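The structure under discussion appears below in the form of structure tokens.
Bear in mind that the values here come from a model prediction, so they are computed numbers and not experimental data. Just so you know, these numbers use all the heavy atoms, side chains as well, and skip hydrogens, waters and symmetry mates.
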Amino acid sequence: MKRRTFIASTAGAAVAAPAFAADEPPLMPDLEIVDAHHHLVDNPARENRPASRYGAADLRKDIEDSGQRVTATVVVETMTQYRADGPAELRAVGETEFFSRMADAAAGGPVKIAAGIVAAVDLRLGDKVQPVLDAHMNAAKGRLRGVRVNIAWDAFPVMGIPLDPVRGVLLDDANSTAAMRMLAKMGLTLDTWAFHHQIQNVAAAAQRVPNLTVILDHVGSPIGGVGPYAGKEKDVFKDWEAVIRAAAKVPNLVVKLGGLGMQFISPQLFKRTPAPTSEDLAKAWRPYFEVCIAAFGANRCMFESNFPPDAATAPYGTMWNAFKRVAAKASESERTALFSGTAKRVYRL
């Protein structure tokens with residue numbers, strides 16, 4: 001299977017995904033999967049970055065080629081198709097409109113692509129966030145399930161580009177807490193993208209609004225093997241494990257298992273030739289997933305593809321085979337929760 005090229009703008013610096021010779025046959029082919037986290041992108045070339053495109057048809061092809069039994073997906077904000085003008089707080093509604101068009105175009109097939117939409121909203125709006133959420137709800141045509149805030153920040157540009165330090169405090173002020181309470185009131189969830197040394201900030205925010213389901217994306221993105229973290233993978237894992245186990249004590253916090261295929265997390269696997277097998281991926285990622293499952297329980301964990309950014313590490317089906325290898329010894333009820341049940345419940349699918 002020849003892979004399409006994608007420029008992974010959602011992972012930071014523009015990176016072309018490699019061409020894989022073939023995907024693996026699916027393990028446990030009858031196991032239902034809800035892909036709890038992927039992106040759809042259509043960005044024109046700008047500045048020094050080439051165009052990046054990955055639409056519903058691309059995702060459908062990846063799913064069909066994989067042979068995996070994916071029944072529904074959740075699309076997450078990725079800074080694409082924003083409105084060019086109008087009030088700043090409403091420009092991200094253009095992205096939700098784009099997601100909704102993609103979902104409409106893919107309707108009628110065996111996979112409910114973008115059955116749930118997670119939009120981009122600035123929590124610093126505080127109490128003024130409601131009309132913005134209403135606009136996203138209208139644009140999503142009944143598919144809006146939550147919003148995501150990106151607080152990922154490190155003094156070292158781990159993704160190849162400088163990050164705004166304001167990100168590191170987006171969950172820490174009174175306005176953000178007020179906006180989170182509004183999310184809970186409206187029945188929406190809050191996804192968060194944070195690096196491993198910020199996980200405690202996410203947990204603290206979840207504690208302040210106990211009736212809001214808060215989701216930690218990408219197992220809290222433990223930074224590996226880049227910049228000041230090079231050669232310190234064991235120390236990072238130890239620090240990450242400590243904060244993950246502490247965060248798991250917050251009952252309204254849920255974690256996504258995936259997103260480890262990005263360059264700054266798994267540089268030893270990223271764009272490797274030959275591409276890693278599902279056995280390779282399972283061996284590398286099992287420690288992270290097993291810690292999360294043991295700490296949170298299967299009912300508060302859900303697997304995610306994080307496609308297309310993670311496509312630079314392995315094909316879609318190989319990624320899911322790796323997850324299945326990690327969960328091979330789980331009970332049937334635990335596997336159901338990990339691969340579909342938790343996502344269905346959290347995102348009301």
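For Leu133, the side-chain contact (heavy atoms from CB on, under 4.5 Å) partners at least two apart in sequence or on another chain are Val121, Val129, Val147, Met182, Leu183, Met186, Leu188. Residues meeting the side-chain contact (heavy atoms from CB on, under 4.5 Å) test with Lys232, sequence neighbours left out: Asp235. With sequence neighbours excluded, the residues forming a side-chain contact (heavy atoms from CB on, under 4.5 Å) with Ser278 are Glu24, Thr318, Asn321, Ala322, Arg325, listed by chain and number. By the ring pair (Phe, Tyr, Trp, His ring centres under 6.0 Å) test, Phe195 is found to be paired with Phe264, residues two or more places apart in sequence or in another chain being considered. Asp134 is linked by a salt bridge (Lys or Arg N to Asp or Glu O under 4.0 Å) to nothing, counting only residues two or more places apart in sequence or in another chain. For Ser331, the side chain to side chain donor-acceptor pair (under 3.5 Å) partners at least two apart in sequence or on another chain are Ser333, Glu334. Scanning for side chain to side chain donor-acceptor pair (under 3.5 Å) contacts around Glu32 gives Thr71, Lys344, with sequence neighbours left out. With sequence neighbours left out, the side chain to side chain donor-acceptor pair (under 3.5 Å) criterion links Asp42 to Arg53. Residues forming a side-chain contact (heavy atoms from CB on, under 4.5 Å) with Asp172 (at least two apart in sequence, or on another chain): Val169, Asn201, Arg208.
By the criterion of side-chain heavy atoms lying less than 4.5 angstrom apart, applied directly or through intervening Ile, Leu, Val, Met, Phe, Trp or Tyr residues, Val214 is grouped together with Leu125 in one hydrophobic cluster.
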Is there a salt bridge (Lys or Arg N to Asp or Glu O under 4.0 Å) between Asp65 and Arg60 once you walk through the steps?
CA-CA 8 Å; Asp65 288 347; Arg60 182 183 294 284; over 6 Å; no
Please evaluate residues Arg148 and Glu77 with respect to the criterion salt bridge (Lys or Arg N to Asp or Glu O under 4.0 Å), reporting the C-alpha separation (whole Å), side-chain torsions for both, the decisive distance (0.1 Å), and the verdict.
CA-CA 7 Å; Arg148 180 166 82 154; Glu77 65 86 22; 2.9 Å; yes
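Residue pairs meeting the ring-ring contact (aromatic ring centres under 6.0 Å, His included) criterion with at least one partner in residues 208-248, sequence neighbours excluded, are His37-His218, Trp193-His218, His196-Tyr229, Phe237-Trp240, Phe237-Tyr288, Trp240-Tyr288.
Between Phe323 and Phe339, a ring centre-to-centre spacing not shorter than 6.0 Å is recorded.
Looking only at atom types and distance, the side chain of Tyr316 has a donor-acceptor partner in the side chain of Asp35 under 3.5 Å away.
Atoms CG and OG, on Leu171 and Ser176 in that order, are 6.0 Å from each other to the nearest 0.5 Å. The structure places CG of Asp310 at 13.5 Å from NE2 of His38, a figure rounded to the nearest 0.5 Å.
Under the 4.5 Å side-chain criterion, counting only non-hydrogen atoms from C-beta, Val209 is in contact with Thr177.
Counting side-chain heavy-atom gaps under 4.5 Å among Ile, Leu, Val, Met, Phe, Trp and Tyr, the cluster of Val346 also holds Val34, Val74, Val76, Val118, Ile215, Val254, Met302, Tyr347, Leu349.
Taking 4.0 Å as the cut-off between side-chain N and carboxylate O, Arg124 and Asp173 do not count as a salt-bridged pair.
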Atom pairs and distances, donor-acceptor, side-chain atoms in residues 89-98, under 3.5 Å, two or more places apart:
| unit_1 | atom_1 | unit_2 | atom_2 | d |
| --- | --- | --- | --- | --- |
| Arg91 | NE | Gly86 | O | 3.0 |
| Arg91 | NH2 | Gly86 | O | 3.1 |
| Glu95 | OE2 | Thr78 | N | 2.8 |
| Glu95 | OE2 | Met79 | N | 2.8 |
| Glu95 | OE2 | Thr80 | N | 3.0 |
| Thr96 | OG1 | His136 | ND1 | 2.8 |
| Glu97 | OE2 | Arg83 | NH2 | 2.8 |

